[in-house]
Amino acid sequence: MIPRATYRLQLHRGFTFADAEAIVPYLDRLGISHIYASPITTAAPGSTHGYDVVDPTRINPELGGEAGFCRLVTALRARNMGIIIDIVPNHMGVAGDTNAWWNDVLLRGQSSPYAAIFDIDWSRPILLPVLGGPLDEALADGAITLDRHDGRHWLSLYGERRLPLRDEDQASAGREPLAALLDRQHYRLASWRTANDDLNWRRFFAINELAGVRVEDPAVFAMTHALYFRLHDEGLIDGVRIDHVDGLTDPLGYCRALRARLGEDAWIVIEKILGVGEVLSQDWAVNGTSGYDFMEDAAALLHHPSGAAPLACLWHDISGRRPDLAAEELLARQQLLAWQFSGQLEQCVDAFAAVAPEGITRGMLRRALERLLWIFPVYRTYGPTPPATDAEVRASVRLRVAPHVPPGEMPVVDLVLRWLAGEGNHADPVRRFQQLSAPIAAKALEDTAFYRYGRLLSRNDVGFDAGHMALEPSAFHLRMQARARDWPTAMLTTATHDHKRGEDSRARLAVLSAIPDRWGAIVSDWEAIAEPLSHGVDCGDRYMLFQTLLGAWPDSLDASFGGRITAWQTKALREAKLRSSWEAPNESYEARCNDLALTLIDSPAFRASITAFLAEIAPAATRNSLVQAALRCTMPGVPDLYQGTEFADLSLVDPDNRRPVDYDARIAALDHPPAKLRLIATLLNLRREHPDVFAGGSYDPARVDGTDRLLAFERRHGDVIFRCALALDGGQSTGAIRFHSGAERDVASLFADSPIWFEMG
């Protein structure tokens, strides 16, 4: 069953199945057809997101267990609604002692019935980077002790974590030095700092608490997906969203196997970041992506192209950093490969060296692989039967990498590219490259460069082409026509649990692209206020703070705002890895930045200036917000509404974007809705009344004369036509719209009261 419109819920013990059941009538009135739920399987105790799954065979008891889930589904089915669940095939949570499968592997090693589940190099004991320092220091300090629990001896780390001892060592436990006992285990305890270099099992990105799963093994696939298959067979779920599909060994093979098992009626969407110019192949056998590509298209459409150059100059003048994103991304990739992913890179080099012909040295291969990873334009290529799009990627890669390759070593690069294409059937080295290129792309761009590059922060978000400021209406039309043709049931979203800032914060900041000179003058005023208060705060960090305050500033300040801003700022500084980091926090510098933020928020001069400027840009910001919501609800695809964003979404990066939602206020507001809520409810209910037009109707651009900052189109199915026009800039007073069906409208008559006009014809 293809959803008509979904509503994303973040489930946890503070918002359970029962809480979701209570808002089902509200979601129905809003025009939603399906809840789109965060992972429902058993996660680490207290998990606020559910992606750290510890038992994929059981519905999380913290959410209400299977009984609570069934009650929610019953409430949905009573209103002809359904549910989509987020599934996590790539990894499992292994922190603490709550993952029984992982603990059994630690206990029994390769003889464990669960050993094949995890992606482990068994040539040496499993590295557990869980100590605060070297092993000998932890032993000397008494951080590692023996514990008796459930009739067995266990190792206790810092009195907080319990690790199993082999059955063979139970009798001798306590009778010999701990060091000797540790030497015989299937795992090796080490400092947390060794993970980047010595880890011998695949983790999720750089998170030591998430272990990679070998879902490519049919037995592992069956074991980890049995619950999902049963829920679908029993009619309890209508489909799935696949988390981080690019982390898998064979994403296409996995999706095809999932489609074969769930059937054609299931709605399957994948979390897939498309690179610039990358097109999702029909080979995937899914309904499309989870919508980051649409979020980018809609956001870019709101920005004005004329702001690109002046805002880049402003950023460079203020920060002293390069005005272009590409330089920041390249530097970030080089740094992360040399440090955070060095161990994984060396394992990849070893795998290629093991199959290399005579005359190709390990050093040559390392240089080739390293440089390919510096510039790889997409998350990864695919196999073992790669789609046609892979050939285009490899051709692009060869051109991009050439300037970085040492003289005479291009043949080594060509050899690697041929192997990536399937030549020689070198599955293991190819897999290692593909499972390294994806995290390098994500961590270098989204979690490093986006926190270093501050031209305009509304263009720095997950899946965005931040190197380009804007998308022209004509280009947007082409992408929507392709979507209607190729992916008419993919997800459409403009806010997610992973976004860097809320959809309405981005819409507000997008206004600056149209007024770069005015913004530059405002920044000068704010720098004059902030300079005496900065106490060594970097100018670039201060400029990013200005943008963040502007984007997130609420209609009325409350006591939580300062804490939200400083939490964002601390995370941003550590992700940037320039003056602080998660590994070595510079708390003194962070405190100075936080003090500046809080002082500005409390400063009467700054408050007066930002309030006045917000009032100045409010009409354009409101227009952008409404246009963005309308695009999501009217384009080809399935619109998703992230929890709470039917009200203004001025959230910051997680965990701020996962704060509790006041549903009582939203339910009450439906009777007298503010503009954004009214627009969303109107359009979603229009989709309910005319499902064929929006689910399978054509997308036909209209011709617009007299202005180039207006988007107009028709959706048609049979004799029913939906016409829509959206004003991307204010002040249009002349011009005409000529729709595909022959209908004409005068621009001046359409936008007197709203930037959005639509009708059913």
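Starting from 1, each residue takes its place in the sequence as its number. These numbers come from the heavy atoms of this one structure, side chains and all, not from hydrogens, waters or symmetry mates.
- Checked by atom type, the side-chain pair His499/Ser651 shows a donor-acceptor distance below 3.5 Å.
- Within a 6.0 Å sphere centred on CG of Asn80, other residues, nucleotides and ligands contribute 12 heavy atoms or fewer.
- Counting only distance, with no hydrogens or angles, the side chain of Asn103 and the backbone of Asp97 share a donor-acceptor pair below 3.5 Å.
- Centroid-to-centroid, the aromatic rings of Trp553 and Phe561 come within less than 6.0 Å.
- With Phe229 as the aromatic partner, Arg261 meets the cation-pi criteria of under 6.0 angstrom to the ring centre and within 45 degrees of the ring axis.
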Problem set entry | Trace of the salt bridge (charged side-chain N to carboxylate O under 4.0 Å, His left out) decision for Glu503 with Arg632 | CA-CA 11 Å; Glu503 62 183 28; Arg632 186 180 67 241; 3.3 Å; yes
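- Tested against Ser458, the residues Gln547, Arg508, Arg506 include a single side chain to side chain contact (heavy atoms under 4.5 Å, CB included) partner, Arg506.
- Side chains of Arg380 and Pro251 form a contact here, defined as non-hydrogen atoms less than 4.5 Å apart.
- Side chains of Tyr36 and Arg241 form a contact here, defined as non-hydrogen atoms less than 4.5 Å apart.
- Both tests hold for Arg666 against Phe647: distance to the six-membered ring centre under 6.0 Å, angle to the ring axis within 45°.
- Between the side chains of His225 and Tyr254, at least one donor-acceptor pair of N or O atoms lies under 3.5 Å.
- The side chain to side chain contact (heavy atoms under 4.5 Å, CB included) check on Arg161 picks up Trp102, Val130, Leu157, Leu163, with sequence neighbours excluded.
- Taking the six-membered ring for Trp and the full ring otherwise, Phe722 and His690 have centroids separated by 6.0 Å or more.
- Between Met295 and Asp461, the closest side-chain pair of non-hydrogen atoms falls below 4.5 Å.
- Less than 6.0 angstrom separates the ring centroid of His244 from the ring centroid of Phe205.
- Qualifying salt bridge (Lys or Arg N to Asp or Glu O under 4.0 Å) partners for Glu66, counting only residues two or more places apart in sequence or in other chains: Arg230.
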